Amino acid sequence: MKNVYDVFMERGFVEQTTDDEAISQLLDRQEITCYIGFDPTATSLHIGSLVPIMALAHIQRHGHRPIALIGGGTGLIGDPSGKTEMRQVLTREQIDYNAQCLQEQLSRYLDFGEGRALLLNNADWLTKLNYIEFLRDIGRHFSVNKMLAAESYKVRLEKGLNFIEFNYMLLQAYDFLYLFKNHDCVMQMGGNDQWGNMLAGSDLIRRMEGKTAHSMTFPLITTSTGHKMGKTEKGTVWLDARLTSPYEYYQHWINTEDEDVERFLALFTFLPIDEIRQVRALTDVSLNMAKAVLAFEATRITHGEEAAAGAWQASSRAFQPKPVAEGLFPSSTIPRRGGAEDLSAIPSLELPLETIQSGMTTNELFFRTGLCASKGEARRLIEQGGAYINDVQVVSFDEKIDMHHTDALGVIRLRKGKKKHFLVIVK
RNA sequence: GGAGGGGUUCCCGAGUGGCCAAAGGGAGCAGACUGUAAAUCUGCCGGCUCAGCCUACGGAGGUUCAAAUCCCCCCCCCUCCA
């Protein structure tokens with residue numbers, strides 16, 4: 001039977017490790033404990049954290065014990081790895097609140113029952129550290145010369161690196177040591193930008209305990225056009241349904257580039273690898289089916305079967321794609337034929353009748369729905385012919401909205417460009 | 001602590017008294033082409049009651065008819081010296 005390491009390899013989870021051979025054997029022979037850290041910089045994780053999450057899920061599925069470590073303590077410092085500027089410092093309260101949100105979120109992917117997985121927060125031990133003791137016991141094992149040579153600090157050395165951030169590596173190494181000693185954690189995984197910090201942990205354990213603990217990194221996932229997954233600020237695709245609805249989440253995945261479909265199916269779904277390999281033979285419309293499967297499965301994992309079905313239905317309704325062929329991805333539970341008329345998953349907004357009748361113009365409407373960030377933007381959109389009401393192109397931005405725009409159910413269907421659908425429900 | 005160089009719109013980065021809502025690039029949005037793809041081409045890209053007004057060039061003052069640009073103070077960053 002395949003061990004997790006084989007699974008990681010064939011699904012593209014591995015960038016580099018401290019020892020391929022040893023890790024494979026370790027995961028083959030016994031149940032081990034393995035951890036990944038998550039920074040509580042926001043109230044939700046985004047799809048950039050999906051690879052680590054999926055990795056932990058695979059670990060668990062193969063009978064090992066994952067630890068999701070919330071960086072409540074390290075979050076107070078900010079990891080400089082790969083960043084060009086010092087991260088904005090968050091307050092203790094923000095961090096605590098974020099950590100709490102992340103805990104909740106992670107339990108959707110992992111089973112934390114009966115010690116099958118652990119959820120820890122390094123604030124629990126890091127905030128209790130005594131500076132002098134820490135320097136004497138831990139700090140002595142770190143060579144500044146070596147740290148300065150680390151790739152993760154290079155960028156910052158040119159721009160300026162604050163002492164507080166310089167300590168991040170020590171704390172992360174200490175985390176690993178702590179988990180090694182207290183929870184038998186023998187492996188750490190993380191993004192490739194963490195490699196230096198992770199190695200520092202493996203090193204520290206060897207120096208202080210005389211034992212081996214492994215590190216393994218994931219490749220930085222970019223789209224084939226070179227974009228990072230789940231960027232910051234506006235374009236971020238969050239895992240929290242309140243920040244990115246299941247429908248939007250689904251749409252994000254269905255817009256995956258051709259070249260990425262196979263890779264993403266392997267990374268972001270649990271579908272059997274044999275079925276995934278088949279997408280190589282697909283083109284055009286049939287490749288779009290594979291994208292639908294990717295979107296459906298990814299949405300199902302994050303938001304559940306029901307939400308995924310809803311998103312599928314709304315998407316199918318809006319874009320009228322060919323249904324996924326029966327023989328394709330037999331393991332997927334994606335619906336194979338057209339569903340009923342269900343628009344509930346499309347983003348919507350309720351507006352009172354009076355508001356509509358008070359002479360609201362088309363550009364105001366697009367602004368109110370959030371489809372456009374300002375009235376000026378809505379106006380430009382309309383002028384460029386990218387706005388539609390009930391599938392009819394809007395020609396003038398100051399046209400008044402009235403009841404003849406609503407259908408029998410009191411709904412106005414808006415569209416921005418070809419893809420962004422929105423419903424206004426008149427009450 | 002000393003000397004020098006910097007802080008510009010989402011990001012990078014030009015601009016050194018009016019022609020600056022600020023070049024150029026990136027990101028983003030829309031249009032064409034397509035397959036809800038990519039690439040390419042085109043337009044847009046601070047806000048508003050939109051031929052006008054308001055808000056913006058680290059922060060607070062000042063000079064001037066006019067300041068991102070000049071002066072003063074403050075904050076922050078970088079380099080070298082200590």
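So that the names make sense, note that chain A is the first sequence line, chain B the second, and so on, each numbered from 1. These figures come from a predicted structure and were not determined experimentally.
Shown here, B:G24 forms a base pair with B:C12; the pair counts as Watson-Crick or G-U wobble because both key distances fall under 3.5 Å. In this structure B:C65 sits in a base pair with B:G18, meeting the Watson-Crick or G-U test at under 3.5 Å. Of all nucleotides present, only B:C54 satisfies the Watson-Crick or G-U wobble test against B:G46, with each distance under 3.5 Å. Of the nucleotides present, B:U79 is the one that pairs with B:A3 by Watson-Crick or G-U wobble criteria, both distances under 3.5 Å. When both pairing distances are held under 3.5 Å, B:A32 makes a Watson-Crick or G-U pair with B:U40. In this structure, B:A60 forms no base pair with any nucleotide, since neither Watson-Crick nor G-U wobble geometry is met with both distances under 3.5 Å.
Between A:Met189 and A:Phe218, some side-chain heavy-atom pair lies under the 4.5 Å cut-off.
One finds no salt bridge joining A:Arg380 and A:Glu383 here, because no Lys/Arg side-chain nitrogen approaches an Asp/Glu carboxylate oxygen to under 4.0 Å.
Here A:Phe13 and A:His58 bring their ring centres to under 6.0 angstrom of each other.
B:C29 sits 34 Å from B:U16 when the C1' atoms are compared, rounded to a whole Å. B:U55 and B:C50 are spaced 15 Å apart, taking the C1' atom of each and rounding to whole Å. Spacing of P atoms, B:U49 relative to B:C65, comes out at 35 Å, to the nearest Å. Using P as the reference atom, B:G4 and B:G52 are 46 Å apart when rounded to the nearest Å. To the nearest whole angstrom, the two P atoms, one in B:C70 and one in B:G18, are 11 Å apart. Taking the P atoms as reference points, B:C44 lies 15 Å from B:G26, given to the whole Å. When the C1' atom is used for both B:C57 and B:C11, the distance is 16 Å, rounded to whole Å. Look at the C1' atom in both B:U8 and B:C77: the space between them is 15 Å, to the nearest Å.
Exactly one residue among A:His214, A:His62, A:His64 makes a side chain to side chain contact (heavy atoms under 4.5 Å, CB included) with A:Leu27. That residue is A:His64. Checked against A:Tyr249 for a side-chain hydrogen bond (donor to acceptor under 3.5 Å, both in side chains), the options A:Thr244, A:Thr302, A:Asp240, A:Thr299 give a single hit: A:Thr302.
Here B:C77 presents its C1' atom at 13 Å from CD of A:Glu165, a figure rounded to the nearest Å. As rounded to whole Å, 14 Å separates atom C1' of B:A38 from atom CZ of A:Arg263. Separating the CD1 atom of A:Ile382 from the C1' atom of B:C50 is a distance of 15 Å, rounded to the nearest angstrom. Distance, A:Phe366 CZ to B:C44 C1': 16 Å, rounded to whole Å.
Of the inter-residue distances, the one linking A:Leu126 atom CG with A:Gln172 atom CD reads 10.5 Å to the nearest 0.5 angstrom.
Counting non-hydrogen atoms of other residues, nucleotides and ligands closer than 6.0 Å to CD of A:Glu305 gives a total above 12.
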Each nucleotide in nucleotides 29-37 of chain B should get exactly one letter: B, S or -. Can you fill that in based on protein heavy atoms under 4.0 Å? SSS-BBBBB
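Considering only side-chain N and O atoms, A:Ser374 lies nowhere under 4.0 angstrom from the phosphate OP1 or OP2 of B:G46.
For the 3.5 Å distance criterion, the side chains of A:Gln251 and A:Ser315 qualify, holding a donor opposite an acceptor.
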